[in-house]
Amino acid sequence: MTDDLADLLGDPAIEVAPRLLGAVLRHRGVAVRLTEVEAYAGADDPGSHAFRGRTPRTTVMFGPAGRLYVYFTYGMHHCANVVCGPDGEAAAVLLRAGEVVEGIDLARERRPNSSDRDLARGPARLCRALDVDRQQDGADLRLGPVLELGPPPTAGTVRTGPRVGLRQAPDRPWRFWLDAEPTVSAYRPAAPLRPR
DNA sequence: CTACCGATATTCT
DNA sequence: GAATATCGGTAGA
């Protein structure tokens, strides 16, 4: 087979991101159709984990495209990205939300007290529904978790806006989502600083 | 629906 | 010491 995945993911994050909308990520019995993503670049992007250079956490971002970058944050949540861009550019696309299209019973077990709409609505929820954690950091997306591209989104269905929860570079409209999808997460600006 | 708040590992200052 | 690519619970409109 021609390696469509590698070809596409070699492009910059800003180009890869909208192309991932509608793609399906499958892992451990659950499949999610992506409805919302965010692009993160490297050295030029203050909002990116890779902005200040390579750390143990971000090593995978600096590697080849086509792998999963999974990080642990807020002391309890995992978030997954598709590494893209040319080798060394440290670009990635955060998978923010999706619709569970297979294994919904399993996803419900992993996320009790959640409505079906909320099963993968948010980056940490999506990881929980797919049972993705740091063990999948660096995983090859052709082997698993498996990423299956669909056709490009229909013209006019992709919307863009600022990324969620960032104070850095709030002016960049690098969040992409499918219009009229109920599984798209609610926009939340960065948390204000609270006195300690 | 909105607003607040606590949990708490990793990274950065 | 403090911020963070978040979430779930609770309270209130």
Side-chain angles (χ1 to χ4, degrees), chain A residues 12-14 16-18 20-21 25 30 32 34-62 67-85 89-100 107-138 145 159-177 180-196:
Chain A
I14 190 74
V16 171
L20 292 181
L21 294 173
L25 187 65
V30 172
V32 166
L34 302 175
T35 56
E36 180 188 1
V37 299
E38 279 176 2
Y40 286 86
D44 294 334
D45 182 6
S48 172
H49 285 168
F51 181 62
R52 291 176 185 83
R54 183 174 175 151
T55 68
R57 178 175 68 162
T58 61
T59 295
V60 172
M61 273 189 86
F62 287 81
R67 295 192 182 172
L68 203 64
Y69 162 51
V70 183
Y71 66 90
F72 187 57
T73 191
Y74 288 98
M76 66 193 88
H77 298 303
H78 295 277
C79 297
N81 302 247
V82 169
V83 175
C84 59
E89 285 229 353
V93 177
L94 173 67
L95 308 180
R96 281 204 58 87
E99 171 196 6
V100 175
R108 286 172 180 148
E109 286 177 24
R110 290 171 182 164
R111 305 217 46 214
N113 309 322
S114 173
S115 68
D116 287 354
R117 179 200 190 206
D118 287 345
L119 286 174
R121 187 175 184 242
R125 293 165 169 181
L126 184 146
C127 280
R128 187 81 197 90
L130 288 171
D131 198 20
V132 163
D133 58 28
R134 292 274 295 167
Q135 289 185 105
Q136 279 71 50
D137 187 41
R159 309 242 286 144
T160 70
R163 296 177 291 188
V164 175
L166 290 194
R167 292 183 180 12
Q168 299 296 327
D171 51 306
R172 303 189 191 192
W174 285 4
R175 175 183 178 224
F176 299 81
W177 67 94
E181 288 283 344
T183 56
V184 171
S185 70
Y187 177 72
R188 303 265 183 278
L193 294 173
R194 272 186 277 106
R196 213 33 38 161

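Numbers restart at 1 for each chain; the letters A, B, ... are given by sequence-line order, proteins then strands. Hydrogens, waters and symmetry mates play no part in the numbers below; they use all other heavy atoms, side chains included.
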### Message
Using 0.5 Å steps for rounding, measure from the CH2 atom of A:W177 to the CG atom of A:L21.
### Response
10.5 Å

Side chains of residues 39-48 of chain A: which donor-acceptor partners sit under 3.5 Å, not counting sequence neighbours?
residue : atom : partner : partner atom : Å
A:Y40   : OH   : A:E38   : OE1          : 2.7
A:D45   : OD1  : A:G47   : N            : 3.0
A:D45   : OD1  : A:R163  : NH2          : 3.0
A:D45   : OD2  : A:A41   : N            : 3.0
A:D45   : OD2  : A:R163  : NH1          : 2.8
A:S48   : OG   : A:A41   : O            : 2.6
A:S48   : OG   : A:A50   : N            : 3.0

### Query
Atom OH of A:Y40 to atom C1' of C:dT4: distance rounded to whole Å?
11 Å

### Query
Roughly, in whole Å, what's the span from CG in A:D133 to P in C:dT6?
18 Å

Produce the list of close N/O pairs, under 3.5 Å, pairing protein atoms with atoms of nucleotides 10-13 of chain B; give distances to one decimal.
residue : atom : partner : partner atom : Å
B:dT11  : OP1  : A:R57   : N            : 3.0

### Query
With a 4.5 Å limit on heavy-atom distance, are the side chains of A:Y69 and A:H49 in contact?
yes

#### Entry: A:R159, CZ: over 12 other non-hydrogen atoms inside 6.0 angstrom
no

### Task
Could you check how far CZ of A:R188 sits from C1' of B:dC4, rounded to whole Å?
12 Å

### Query
In whole Å, what is the span from the CD atom of A:E38 to the P atom of C:dT4?
15 Å

### Message
Test of understanding: with salt bridge (charged side-chain N to carboxylate O under 4.0 Å, His left out), list the residues that count as partners of A:E89, not counting sequence neighbours.
### Response
none

### Task
Report the secondary structure of DNA chain C in dot-bracket form, marking unpaired bases with a dot and bases paired to a different strand with |, and treating Watson-Crick or G-U pairs with both distances under 3.5 Å as paired.
||||.|||||||.

### Query
What distance do A:Y187 atom OH and A:E36 atom CD have between them, rounded to the nearest 0.5 Å?
11.5 Å

### Summary
Between CE of A:M76 and P of C:dG9 the distance, given in whole Å, is 13 Å

### Message
Tell me whether A:Y74 and C:dT4 count as stacked here, given that the ring centres must be under 5.5 Å apart and the planes must differ by less than 30 degrees.
### Response
yes

### Query
Which distance, rounded to the nearest 0.5 Å, do you find between the CZ of A:R67 and the SG of A:C84?
14.0 Å

### Message
I want to confirm an ordering. Mapping A:Q168 and A:N113 to their closest nucleotides on DNA chain C, which one lands closer to the 5' end?
### Response
A:Q168

### Task
Would you please classify the geometry between the A:F72 ring and the A:H78 ring as parallel, tilted or perpendicular, with 30° and 60° separating the classes?
tilted

### Task
Would you mind classifying the nucleic acid contact of A:G165 as base, sugar-phosphate or nothing, using non-hydrogen atoms under 4.0 angstrom?
sugar-phosphate

### Query
Out of curiosity, A:R52 CZ to A:T58 OG1, how far, rounded to the nearest 0.5 Å?
11.5 Å

### Task
Classify the side chain of A:Y71 versus the base of C:dA5 as yes if they form a donor-acceptor pair under 3.5 Å and no if they do not.
yes

### Query
Which residues within residues 116-128 of chain A lie with some heavy atom under 4.0 Å of an atom in DNA chain C?
A:G122, A:P123, A:A124, A:R125

### Task
Let me know which of A:L34, A:L95, A:L94 forms a side-chain contact (heavy atoms from CB on, under 4.5 Å) with A:V82.
A:L95

### Query
Taking CD from A:E36 and P from C:dT6, how many angstroms apart are they, rounded to a whole number?
10 Å

### Query
Could you give the CG-to-C1' distance, from A:N81 to C:dT6, as a whole number of Å?
14 Å

Throw together a table of side-chain donor-acceptor distances under 3.5 angstrom for residues 123-137 of chain A, partners on residues two or more places apart or in other chains.
residue : atom : partner : partner atom : Å
A:R125  : NH1  : A:R121  : O            : 2.8
A:D131  : OD2  : A:R28   : NH1          : 3.0
A:D133  : OD1  : A:Q135  : N            : 2.8
A:R134  : NH1  : A:V70   : O            : 3.0
A:Q136  : OE1  : A:D133  : N            : 2.9
A:D137  : OD1  : A:V70   : N            : 2.9

### Message
For the CZ atom of A:R96 and the CG atom of A:N81, what is their distance to the nearest 0.5 Å?
### Response
11.0 Å

#### Entry: Separation of atom NE2 in A:H78 from atom P in B:dT8, rounded to whole Å
14 Å

